[in-house]
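Below: one structure, written as structure tokens.
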Amino acid sequence: MKQYVEFYFPGLSVAGLNEKEIASRDVELIKPFPQYAFSFRFFEKNSDGNKVNYSNYYYIGEEYSIEDYKRKCIHQEVFDQNCKNVVKLITGGFRPLLEGDMVIS
């Protein structure tokens with residue numbers, strides 16, 4: 001199966017509009033990242049063209065523990081009680097990190 005990467009941007013959904021075929025899932029090989037992209041994930045397409053075998057998300061930003069986030073951020077967003085870490089995206093917002101998600105500074 002062929003490998004792909006799909007980038008995500010703030011605002012309108014561009015799912016499926018910003019995917020690119022790649023040789024491998026090596027993050028270093030897909031740099032530089034598109035301007036304003038705040039995350040991406042890898043996937044494959046099966047013989048029917050359906051997306052399968054998604055990776056976890058890779059976020060571009062800075063990782064905070066939930067404790068640091070609560071101390072440093074005046075306007076706190078409410079995250080799930082199970083959330084241990086958050087990422088401050090390069091676009092300025094925050095997202096909870098799920099198990100397996102990665103942050104790239």
Side-chain angles (χ1 to χ4, degrees):
M1 284 191 269
K2 292 182 179 180
Q3 305 270 339
Y4 294 85
V5 64
E6 183 168 45
F7 291 94
Y8 298 91
F9 298 87
L12 298 175
S13 172
V14 292
L17 301 177
N18 216 348
E19 63 187 49
K20 179 172 111 176
E21 188 174 340
I22 55 174
S24 77
R25 293 184 178 208
D26 184 344
V27 172
E28 293 301 314
L29 296 178
I30 63 169
K31 289 181 178 179
F33 304 125
Q35 186 176 15
Y36 306 119
F38 65 81
S39 69
F40 60 92
R41 63 182 176 164
F42 300 107
F43 64 92
E44 297 170 342
K45 286 187 179 178
N46 63 19
S47 59
D48 295 331
N50 295 320
K51 297 177 183 180
V52 296
N53 300 327
Y54 277 99
S55 70
N56 290 76
Y57 284 94
Y58 290 78
Y59 289 100
I60 305 164
E62 183 180 353
E63 186 171 352
Y64 285 79
S65 70
I66 197 70
E67 293 81 18
D68 284 343
Y69 169 75
K70 288 177 180 177
R71 269 196 308 277
K72 294 179 182 180
C73 300
I74 296 169
H75 303 290
Q76 295 178 24
E77 298 176 40
V78 177
F79 293 115
D80 185 309
Q81 295 295 334
N82 297 323
C83 177
K84 303 264 188 278
N85 293 330
V86 298
V87 58
K88 180 178 181 184
L89 304 171
I90 60 166
T91 55
F94 287 86
R95 292 269 172 112
L97 290 172
L98 302 177
E99 188 174 331
D101 289 344
M102 303 285 293
V103 176
I104 300 168
S105 300

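We count residues from 1, following the sequence as given. Quick note: numbers below take in every heavy atom, side chains included, and nothing from hydrogens, waters or symmetry partners.
- Partners of Tyr54 under the ring-ring contact (aromatic ring centres under 6.0 Å, His included) rule, at least two apart in sequence or in another chain, are Phe43.
- Contact detail for Ala23 and Gln3: the closest heavy-atom pair is O-CG, 4.5 Å.
- Legend: residues meeting side-chain contact (heavy atoms from CB on, under 4.5 Å) with Ser65, ordered by chain and number and at least two apart, are Glu67, Asp68, Asn85.
- Proximity of Tyr57 to Arg95: side-chain heavy atoms (C-beta onward) are nowhere separated by under 4.5 Å.
- In this structure, Lys88 places its NZ atom where only 12 or fewer heavy-atom neighbours from other residues, nucleotides or ligands lie under 6.0 Å away.
- Partners of Ile104 under the side-chain contact (heavy atoms from CB on, under 4.5 Å) rule, at least two apart in sequence or in another chain, are Val27, Phe33, Phe40, Tyr58.
- Between Ile60 and Phe38 there is no side-chain heavy-atom pair separated by less than 4.5 Å.
- The hydrophobic cluster containing Tyr36 also contains Phe7, counting ILVMFWY residues as joined when their side-chain heavy atoms lie under 4.5 angstrom apart, directly or transitively.
- Inter-residue side-chain proximity for Val103 and Glu62 is flagged as unmet; no heavy-atom pair is nearer than 4.5 Å.
- The shortest distance between side-chain heavy atoms of Glu44 and Val52 falls below 4.5 Å.
- When the side chains of ILVMFWY residues are joined at heavy-atom separations under 4.5 Å, either directly or via intervening members, Phe9 and Val5 end up in a single hydrophobic cluster.
- Contact between Pro96 and Asp101 at its shortest, heavy atoms only, is O-OD2, 4.4 Å.
- No more than 12 heavy atoms of other residues, nucleotides or ligands sit less than 6.0 Å from atom CD of Glu99.
- Nearest heavy-atom pair, Asn56 versus Arg41, reported as atom, atom and distance to 0.1 Å: O-CB, 3.6 Å.
- Judged purely by atom type and a 3.5 angstrom limit, Asp48 has no side-chain atom pairing as donor or acceptor with the backbone of Asn50.
- Residue Phe94 holds its CZ atom at 9.5 Å from CD1 of Ile66, rounded to the nearest 0.5 Å.
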